[in-house]
Amino acid sequence: MSQLVEYALDTLLVQWISAHRPADIPASVPILAAVRDKLRTRPCIVLETSEARSVSAMAGTFRMKLDVHLFSQTDDTPVAALESLLGDSAAIIAATGSQDFLLHALIPRETSTVPDESRGRETVLSFEAVVSAG
């Protein structure tokens with residue numbers, strides 16, 4: 001069940017970010033859910049969920065790690081625009097809820113920017129997500 005919840009969160013957030021893309025993030029920048037064997041071009045935004053753990057007091061509720069990777073070729077990445085967009089957790093929660101899925105919280109954790117192994121930069125915005133699925 002935890003993999004299905006991770007997949008649902010990735011999919012819903014990719015759709016939401018695509019629909020609410022800030023002007024600083026050009027339409028040419030793809031927003032993707034992480035798939036290990038998928039080729040990516042730079043720049044791109046990749047959402048990756050992991051470590052889904054069941055919440056013992058609430059059946060069907062999970063806490064999981066959500067990393068949003070921004071792969072870019074230069075230093076002038078739209079990190080602030082992406083952070084601002086994802087900081088509006090109330091709008092995300094309202095837009096992604098359904099009878100079968102509910103995002104309770106999207107809690108910011110840490111952000112890191114490092115040179116990527118091949119070229120450019122990789123910025124990772126980390127969150128903890130609390131979701132219920134039925």
Side-chain angles (χ1 to χ4, degrees):
M1 177 70 158
S2 64
Q3 288 180 334
L4 294 174
V5 172
E6 290 175 7
Y7 176 78
L9 181 61
D10 278 347
T11 303
L12 289 169
L13 287 177
V14 165
Q15 293 169 354
W16 190 85
I17 293 170
S18 297
H20 297 87
R21 180 186 301 262
D24 292 349
I25 301 176
S28 60
V29 175
I31 301 169
L32 311 164
V35 177
R36 299 258 184 248
D37 58 351
K38 185 168 184 155
L39 294 175
R40 300 180 199 125
T41 58
R42 290 173 189 271
C44 69
I45 297 170
V46 179
L47 283 77
E48 178 181 30
T49 51
S50 62
E51 302 175 14
R53 299 175 311 277
S54 184
V55 176
S56 60
M58 298 173 66
T61 301
F62 299 85
R63 297 177 78 96
M64 70 187 78
K65 183 175 181 182
L66 168 68
D67 287 331
V68 179
H69 300 263
L70 174 59
F71 294 98
S72 61
Q73 295 173 331
T74 61
D75 292 344
D76 59 345
T77 60
V79 174
L82 188 57
E83 280 181 311
S84 177
L85 179 67
L86 292 170
D88 189 1
S89 60
I92 297 170
I93 290 168
T96 58
S98 71
Q99 286 184 337
D100 298 329
F101 184 88
L102 179 61
L103 174 63
H104 296 282
L106 192 59
I107 306 160
R109 292 299 181 212
E110 66 275 351
T111 297
S112 64
T113 301
V114 296
D116 196 353
E117 67 280 351
S118 55
R119 65 187 191 286
R121 301 170 69 82
E122 177 183 2
T123 300
V124 181
L125 307 173
S126 293
F127 298 87
E128 183 173 8
V130 180
V131 302
S132 292

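Starting from 1, each residue takes its place in the sequence as its number. In this text, all values refer to a predicted model and were calculated from it rather than measured experimentally.
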Who pairs with E128 by salt bridge (charged side-chain N to carboxylate O under 4.0 Å, His left out), at least two apart in sequence or on another chain?
-> R53, R63, R109
Side-chain donor or acceptor of S18 paired with backbone N/O of V14 under 3.5 Å | yes
List for me each residue that meets salt bridge (charged side-chain N to carboxylate O under 4.0 Å, His left out) alongside D67, sequence neighbours excluded, and say none if there are none.
-> K65
Following the transitive rule for hydrophobic clusters with a side-chain heavy-atom cut-off under 4.5 Å over Ile, Leu, Val, Met, Phe, Trp and Tyr, establish whether M64 and L47 coincide in one cluster.
-> yes
Residues which pass side-chain contact (heavy atoms from CB on, under 4.5 Å) with T113, listed by chain and number, not counting sequence neighbours | R121, T123
Any residue meeting side-chain contact (heavy atoms from CB on, under 4.5 Å) with S112, in chain and number order, not counting sequence neighbours = V124
Would you give the length of the straight line joining atom OG1 of T49 to atom CG of L66, rounded to the nearest 0.5 angstrom?
-> 7.0 Å
Which donor-acceptor pairs under 3.5 Å do side chains of residues 20-33 form with protein atoms, sequence neighbours excluded?
from : atom 1 : to  : atom 2 : distance (Å)
H20  : ND1    : W16 : O      : 2.9
H20  : ND1    : W16 : NE1    : 3.3
R21  : NH1    : P26 : O      : 2.8
R21  : NH1    : V29 : O      : 2.8
R21  : NH2    : V29 : O      : 3.3

Work out which heavy atom in V46 is nearest to a heavy atom in C44; give both atom names and the distance.
-> CG2-SG, 3.9 Å
Taking C-beta and beyond as the side chain, do S72 and V79 meet within less than 4.5 Å on heavy atoms?
-> no
Check: residues 88-97 side-chain donor-acceptor pairs under 3.5 Å, at least two apart:
from : atom 1 : to  : atom 2 : distance (Å)
D88  : OD1    : A91 : N      : 3.4
T96  : OG1    : I92 : O      : 2.8

In short, P108 meets F127 closest at the heavy-atom pair CA-CD2, 3.5 Å
On a heavy-atom basis, the closest approach of F101 and V5 is CE1-O, 4.3 Å
Check against side-chain contact (heavy atoms from CB on, under 4.5 Å), L85 and I17 = CA-CA 8 Å; L85 179 67; I17 293 170; 3.9 Å; yes
